[in-house]
Colleague: 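Mind looking over this structure? Questions follow.
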Amino acid sequence: MKGALAYEWKRITTVRSTYWFSGLTVGLAAFIAFAIAASFSSSDLTSSDNGISNFLQASTLVVTAGASIFFVPVLSAAFCAVVGAMSFGHDYRYGTVKQTLTAVPDRVTLFIARTVILVGWLLMLMVAVVVVNIGIGALFLDSFSLKGQSVRPIVNFVLYNVAFGLAGMSLAVIFRNLAGALVGVLVYPFVLEPLAYNILRIVHIGNVDRAANLFPAAAGRRTIFSPYELFANPAVNDPGTTLHVWGLTASTLVFWCGIAVSVAAALALFLTRDA
């Protein structure tokens with residue numbers, strides 16, 4: 001295992017695209033954080049009329065690059081997904097999978113080592129994003145402060161991005177194709193799921209709308225909302241919809257079960273198929 005970990009660390013740190021996409025992740029998140037911080041004035045944050053301090057929680061919004069409310073896409077997750085897809089996708093794209101298996105013939109060890117190094121890299125990357133965004137908030141947002149209620153959305157923001165990296169890695173193994181993995185990991189959560197989710201919101205046939213609770217990407221996205229109940233359940237503010245989402249714990253379980261299924265499927269196929 002030690003040799004496999006060293007092999008994977010060497011691989012991920014010598015591929016230029018790793019640094020390009022990691023840098024884009026930090027830079028884009030910082031730009032969004034700055035734009036959000038600059039858009040608030042001191043009166044916005046203290047006014048009781050608009051309730052920004054109670055509902056939008058501007059400091060958390062800055063640190064999560066807008067992810068703690070529902071209408072700002074988590075663009076950093078897309079870049080993490082690309083980094084994850086490249087972890088196995090490069091082997092299939094350039095035909096080096098046989099050479100990799102020659103260097104590390106134990107497929108279970110290789111898969112675990114690649115997963116561990118990927119998760120470690122993405123955790124460091126997202127911690128860097130959070131630290132940079134905290135600095136931006138402290139510099140440009142009036143009355144910036146992080147309290148205990150900010151911990152949950154920030155931690156889930158970090159883990160959500162890491163999970164997208166695992167999803168990208170899994171799809172690269174499942175499809176054995178980098179391009180297919182990138183299409184799958186980006187189109188499904190950012191296009192297909194939102195379309196199905198919004199269709200179910202307006203369907204009034206029994207409890208069919210409740211099926212939206214089983215969409216893993218949407219469930220994971222909700223775990224970052226702050227406050228959860230305000231943004232997670234559109235029926236609260238729109239009586240015309242019938243969708244009632246599950247609570248925070250259930251949404252967290254749905255999301256991570258979806259990620260676990262994708263990783264398990266990837267491992268099973270990696271062990272049983274030819275190189």
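Residues take their numbers from the sequence shown, with the count starting at 1.
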Colleague: Could you tell me whether a side-chain N or O of Glu8 sits under 3.5 Å from a main-chain N or O of Ala113, the two making a donor and an acceptor?
Modeller: no
Colleague: Would you please classify the geometry between the Phe164 ring and the Phe190 ring as parallel, tilted or perpendicular, with 30° and 60° separating the classes?
Modeller: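 If you compare the ring of Phe190 with that of Phe164, the planes turn out tilted.
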Colleague: Closer than 3.5 angstrom, by distance alone: can the side chain of Arg107 be matched with the main-chain N or O of Leu101 as a donor-acceptor pair?
Modeller: no
Colleague: For the residue pair Val130 and Met126, establish whether any side-chain heavy-atom pair is separated by less than 4.5 Å.
Modeller: no
Colleague: Transitively linked via ILVMFWY side-chain contacts under 4.5 Å: Leu28 with Met124?
Modeller: yes
Colleague: Of Thr25, Asn161, Thr64, which meets side chain to side chain donor-acceptor pair (under 3.5 Å) against Ser76?
Modeller: Asn161
Colleague: Testing the basics here: between Val62 and Ala33, what is the closest heavy-atom pair and its distance to 0.1 Å?
Modeller: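 Here Val62 and Ala33 meet closest at O-CB, 3.4 Å.
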Colleague: How far apart are the C-alpha atoms of Asn213 and Arg222, what are their side-chain angles, what is the distance that settles it, and do they pass the side-chain contact (heavy atoms from CB on, under 4.5 Å) test?
Modeller: CA-CA 10 Å; Asn213 285 295; Arg222 290 194 298 270; 4.1 Å; yes
Colleague: Find out whether Leu139 and Phe34 are in side-chain contact, i.e. whether some heavy atom of one side chain is under 4.5 Å from a heavy atom of the other.
Modeller: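 No, side chains not in contact.
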Colleague: Looking only at heavy atoms, which two atoms of Ala232 and Tyr197 are closest? And how far apart?
Modeller: O-OH, 4.0 Å
Colleague: Do Leu118 and Trp20 sit in the same hydrophobic cluster, where Ile, Leu, Val, Met, Phe, Trp and Tyr count as joined when their side-chain heavy atoms come under 4.5 Å apart?
Modeller: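 In one cluster: no.
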Colleague: Got His90 and Tyr94 here, is their nearest side-chain heavy-atom distance under 4.5 Å?
Modeller: yes
Colleague: Evaluate the side-chain contact (heavy atoms from CB on, under 4.5 Å) criterion for residues Thr115 and Leu267: first the C-alpha distance (whole Å), next the side-chain angles of each, then the deciding distance (0.1 Å), finally the verdict.
Modeller: CA-CA 10 Å; Thr115 302; Leu267 176 58; over 6 Å; no
Colleague: Set out, in order, the CA-CA distance, both residues' side-chain angles and the distance that settles side-chain contact (heavy atoms from CB on, under 4.5 Å) for Leu171 and Tyr188, then state yes or no.
Modeller: CA-CA 12 Å; Leu171 290 181; Tyr188 172 76; over 6 Å; no
Colleague: State, yes or no, whether a side-chain contact exists between Phe21 and Leu125 at a heavy-atom distance under 4.5 Å.
Modeller: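 No; the side chains remain at least 4.5 Å from each other.
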Colleague: Of the non-hydrogen atoms in Ala85 and Ala181, which two are nearest, and what is the gap between them?
Modeller: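 Shortest heavy-atom separation between Ala85 and Ala181 comes out as CB-CB, 4.2 Å.
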Colleague: To the nearest 0.5 angstrom, please state how far the CE atom of Met86 sits from the CG atom of Leu182.
Modeller: 8.5 Å
Colleague: For Arg114, is there an ion pair with Asp91 - N to carboxylate O distance below 4.0 angstrom?
Modeller: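 Salt bridge flag = yes for Arg114 with Asp91.
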Colleague: Could you tell me whether the side chain of Arg221 reaches within less than 4.5 Å of the side chain of Phe255, counting heavy atoms only?
Modeller: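 Contact flag for Phe255/Arg221 side chains = no.
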Colleague: Side-chain heavy atoms nearer than 4.5 Å, only ILVMFWY residues, links allowed to pass through others: does that put Ile154 and Val72 together?
Modeller: yes
Colleague: Are Ile12 and Val127 linked, directly or through intermediate hydrophobic residues, by side-chain heavy-atom contacts shorter than 4.5 Å (ILVMFWY only)?
Modeller: no
Colleague: If we only count heavy atoms from C-beta on, is the Glu193 to Pro216 side-chain gap below 4.5 Å?
Modeller: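 The answer is yes; the side chains approach within 4.5 Å.
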Colleague: Does a sphere of radius 6.0 Å around CZ in Phe70 hold more than 12 heavy atoms from other residues, nucleotides or ligands, not counting ones at 6.0 Å or beyond?
Modeller: no
Colleague: Can you get from Leu253 to Leu166 by hopping between Ile, Leu, Val, Met, Phe, Trp and Tyr side chains that sit under 4.5 Å apart?
Modeller: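 Different clusters.
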Colleague: Taking all non-hydrogen atoms of both residues into account, name the closest pair between Phe157 and Val63 and its distance.
Modeller: CE2-O, 4.1 Å
Colleague: As an exercise, state the distance from CG of Leu146 to CD of Gln149, rounded to the nearest 0.5 Å.
Modeller: 10.0 Å
Colleague: Does CZ in Arg93 sit with more than 12 non-hydrogen atoms of other residues, nucleotides or ligands closer than 6.0 Å?
Modeller: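 Atom CZ in Arg93 is not packed in, count stays at 12 or less.
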Colleague: From Tyr228 OH over to Thr252 OG1, what is the distance, rounded to the nearest 0.5 angstrom?
Modeller: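 Nearest 0.5 Å value for the OH-OG1 distance: 7.5 Å.
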Colleague: Can you tell me how far the CG atom of Asn133 sits from the OG1 atom of Thr60, to the nearest 0.5 Å?
Modeller: 12.0 Å
Colleague: Taking side chain as C-beta onward, heavy atoms only, is Val254 less than 4.5 Å from Trp246?
Modeller: yes
Colleague: Quick check: do Leu141 and Ser59 have side-chain heavy atoms less than 4.5 Å from each other?
Modeller: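 Yes; the side chains approach each other to less than 4.5 Å.
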Colleague: Taking the six-membered ring where the residue is Trp, are the ring centres of Phe175 and Tyr92 under 6.0 Å apart?
Modeller: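 Aromatic pair excluded; centres sit 6.0 Å or further apart.
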Colleague: Under 3.5 Å, side chain of Ser87 to main-chain N/O of Gly84, donor-acceptor pair present?
Modeller: yes
Colleague: With side-chain contact (heavy atoms from CB on, under 4.5 Å) as the criterion, how do Phe111 and Phe88 come out once you've worked through the C-alpha distance, each side chain's angles and the decisive distance to 0.1 Å?
Modeller: CA-CA 9 Å; Phe111 191 92; Phe88 270 101; 3.9 Å; yes
Colleague: What is the minimum heavy-atom distance between Ile174 and Ala266, and which atoms define it?
Modeller: CG1-CA, 4.0 Å
Colleague: What distance do Leu271 atom CG and Asp106 atom CG have between them, rounded to the nearest 0.5 Å?
Modeller: 9.0 Å
Colleague: Between atom SG of Cys257 and atom CG of Leu214, what is the distance when rounded to the nearest 0.5 Å?
Modeller: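 It comes to 10.5 Å.
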Colleague: May I ask you to decide if Thr223's main-chain N or O and Arg152's side chain share a donor-acceptor pair within less than 3.5 Å?
Modeller: yes
Colleague: Provide the closest heavy-atom pair for Ala172 versus Gly89 in the form atom of the first, atom of the second, distance.
Modeller: CB-N, 3.8 Å
